[in-house]
Amino acid sequence: MRSVHVVGVGYTRVGEHWGDSLTELMAEASLAAIEDAGVERVDGIYVASTFCEVTNNQAGISALVAEALGLRSVYGVRVEGGESSGLMALMEAYAAVASGLVDFALVVGGEKLSDLLPDEFNSVHSMTLPYDSMGYAGVTPASIAALLYKTYLERYEVPQEFVAQFPVLMHNNAEGVSHAQFPFKVKLEDVLGSPEVAPPLRRLECSAPCDGAAAVVLASDDSQTRRLSGQAVRIGGISIRTDYVSPFDREDPLFMTSVALSVDEALLRSGISRSELNVLEVHDSFSILAPLILESGGFSSRSESGPDVKSGKYSLGGELPINTFGGLKARGHPIGATALYQVAEVYLQLTGRAGKKQVDRTKAGAIISVSGFGTIAGTAVMLSGEMG
Amino acid sequence: MRFNFRPQNHWRFKRFRYRTEVLRCANCGTVNVTTRPVCRRCRSRNLQREELPERGRLVAFTTVKSPTEEHKELAPYIVGLVEFEDGTRIVTQITDADPEDLKTGMIVERVLRKITHDGDAGIIIYGFKFRPPIT
């Protein structure tokens with residue numbers, strides 16, 4: 001297999017883009033990534049969009065993106081894997097570049113959700129749950145998050161702020177980030193005082209509907225691009241796993257086996273250990289998912305992620321900063337694009353382009369993407385030139 | 001979403017939705033909620049229909065204050081996790097109760113209720129919910 005590098009990234013601001021179509025957003029992000037990479041051609045386009053049939057009445061969207069980019073006749077495919085669609089598209093492109101099928105791959109994710117009313121968004125978001133046994137009866141992702149949240153607080157006998165401090169950390173990190181949906185700080189009392197969505201879960205513990213698109217360009221080390229002279233970040237390994245669709249059918253609903261297996265496998269494929277990671281992106285679509293991911297992934301002991309946040313372990317400047325641009329809560333969660341924002345942000349960290357959010361001496365980073373409370377979860381490990 | 005209300009899309013799940021009929025694996029004992037050809041745990045084809053007990057224990061519950069489009073008329077409504085004697089767990093609506101009436105660990109019983117409907121002229125979807133028992 002050839003080694004595969006991220007050689008350029010691009011993205012739109014996350015938020016409400018009333019005037020732009022889904023295809024336009026993805027084209028904007030793609031052009032920015034292609035320009036950033038300095039490549040002269042793209043051989044394959046990998047598009048991630050989770051809900052474009054429903055929100056935009058559009059199937060076969062890879063051809064629309066290709067046309068919008070002026071890339072007539074190029075190979076194009078769309079990948080859908082719930083909230084992990086972006087990571088799945090990355091893995092497909094990675095495999096194609098590694099095998100030699102494609103030299104330069106464009107991976108772009110986009111979602112358009114701000115046109116929906118809140119209850120319509122909930123219906124669409126509920127598609128990431130098993131519809132035939134849950135969704136049809138009005139079970140929402142927020143209600144599953146709430147049941148897991150209650151189970152967590154009761155089992156470990158910890159107060160709600162153990163979990164509710166995660167959104168505070170995310171908003172701290174997003175402050176001043178130009179592409180973030182909510183680039184401002186919030187206080188713990190703001191989180192705990194925000195309206196209930198599904199108790200104990202509150203509004204400021206949930207990611208919000210939004211629009212956005214993010215893109216990355218992949219190239220092999222056989223390909224000559226200017227990025228490979230210094231601004232390339234090698235993808236050390238990717239792993240994606242599935243699990244039973246209901247968390248309550250698993251041995252322990254608070255342990256996501258798909259996260260644990262994918263973290264282990266991606267690290268193994270990269271030849272590095274957990275302790276060598278300098279920066280981590282976790283999928284905090286709901287506050288409770290951050291502790292569940294950190295504990296399932298082996299970054300905190302069970303029940304210890306709350307104290308670890310409090311001690312600063314996961315803050316900028318801490319031992320393992322997480323979600324340095326605000327994560328899903330504050331940078332935003334345009335579903336199919338989210339994992340590619342994560343990849344782009346780790347790329348910025350590893351190439352020293354993270355500005356005020358720059359973490360010192362970053363050599364290795366990882367992203368963890370989760371769909372449906374661990375129904376699907378994946379990890380990608382990224383290595384800077386020094387480790388690449 | 002638009003195509004959810006075709007009658008056959010509910011009719012085919014009637015055994016589960018009307019009386020919580022599931023598939024128990026005769027080989028390993030695992031309960032598989034939706035119909036399928038093999039057991040999700042051991043892949044045995046020897047799956048037998050079984051009705052879950054009418055009563056279970058409420059393990060956790062929450063109130064849905066931000067509902068889906070199909071269920072907004074009912075909001076706020078309660079969603080609970082119910083565990084049966086054998087350890088099988090399902091997520092279901094809890095009805096005929098306010099959150100103050102509910103306690104973790106209490107017994108709840110199955111009842112057939114309206115789930116949603118397709119506008120004023122379309123079909124009505126029925127299915128099970130759970131409620132505190134009528135003694």
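Convention: sequence-line order gives letters A, B, ...; per-chain numbering from 1. Hydrogens, waters and symmetry mates are skipped; everything else that's a heavy atom, side chains included, is used.
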Any chance the side chains of [X] and [Y] put a donor and an acceptor closer than 3.5 Å?
X: A/Glu265; Y: A/Ser239; value: yes
X: B/Thr20; Y: B/Arg110; value: yes
X: B/Asp86; Y: B/Thr88; value: yes
X: A/Glu16; Y: A/Ser114; value: no

Review point. Take atom CD in A/Glu251; do more than 12 heavy atoms of anything else shown fall under 6.0 Å from it?
Key: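 Not more than 12 within 6.0 Å, no.
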
Practice item. Mark yes when over 12 heavy atoms from residues, nucleotides or ligands other than B/Arg57 sit less than 6.0 Å from its CZ; otherwise mark no. Key: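 Yes.
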
Check your understanding: Considering the options B/Phe13, B/Phe16, B/Tyr18, which one meets the ring pair (Phe, Tyr, Trp, His ring centres under 6.0 Å) requirement together with B/Phe128?
Key -> B/Phe16

Practice item. With chain A as the partner chain, list the residues of residues 26-41 of chain B whose heavy atoms fall under 4.5 Å from it, by residue number, and write 'none' if nothing qualifies. Key: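 If one takes a 4.5 Å heavy-atom cut-off, the residues of residues 26-41 of chain B near chain A are B/Val33, B/Thr34, B/Arg40, B/Arg41.
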
Review point. Under a 4.5 Å heavy-atom cutoff, which of B/Thr116, B/Ile125, B/Thr104, B/Leu81 has the most pairs with chain A?
Key: B/Leu81

Which of [options] touches chain B most, by non-hydrogen pairs under 4.5 Å:
options: A/Ser126, A/Pro199, A/Ala146; answer: A/Pro199
options: A/Leu147, A/Thr140, A/Thr151; answer: A/Leu147
options: A/Leu116, A/Ile144, A/Val139, A/Leu117; answer: A/Val139

Check your understanding: Where does A/Tyr244 contact chain B at under 4.5 Å (heavy atoms): side chain, backbone, both or neither?
Key ->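 For A/Tyr244, side-chain heavy atoms alone lie under 4.5 Å from chain B.
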
**Study point:** Atom group of A/Pro253 that falls short of 4.5 Å from chain B, counting heavy atoms
**Key:**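 Looking at A/Pro253, just its side chain touches chain B.
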
Review point. In terms of the angle between their ring planes, are A/Phe286 and A/Phe373 parallel, tilted or perpendicular, with boundaries placed at 30° and 60°?
Key: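 Plane angle under 30°, so parallel.
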
Review point. Quick one: does B/Leu47's side chain get under 4.5 Å of B/Ser44's, heavy atoms only?
Key: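 A side-chain contact is absent here, since even the closest heavy-atom pair is not under 4.5 Å.
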
Exercise for review: Let me know if B/Arg12 has heavy atoms under 4.5 Å from chain A in its side chain, its backbone, both or neither.
Suggested key: neither

Check your understanding: At a heavy-atom separation under 4.5 Å, does B/Phe61 approach chain A through its side chain, its backbone, both, or neither?
Key ->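 Its backbone and side chain both get close to chain A.
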
Point to revise | Residue of the set A/Ser369, A/Ser262, A/Ser371 for which side chain to side chain donor-acceptor pair (under 3.5 Å) holds with A/Ser84 | key: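 Checked A/Ser369, A/Ser262, A/Ser371 against A/Ser84; only one passes side chain to side chain donor-acceptor pair (under 3.5 Å): A/Ser369.
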
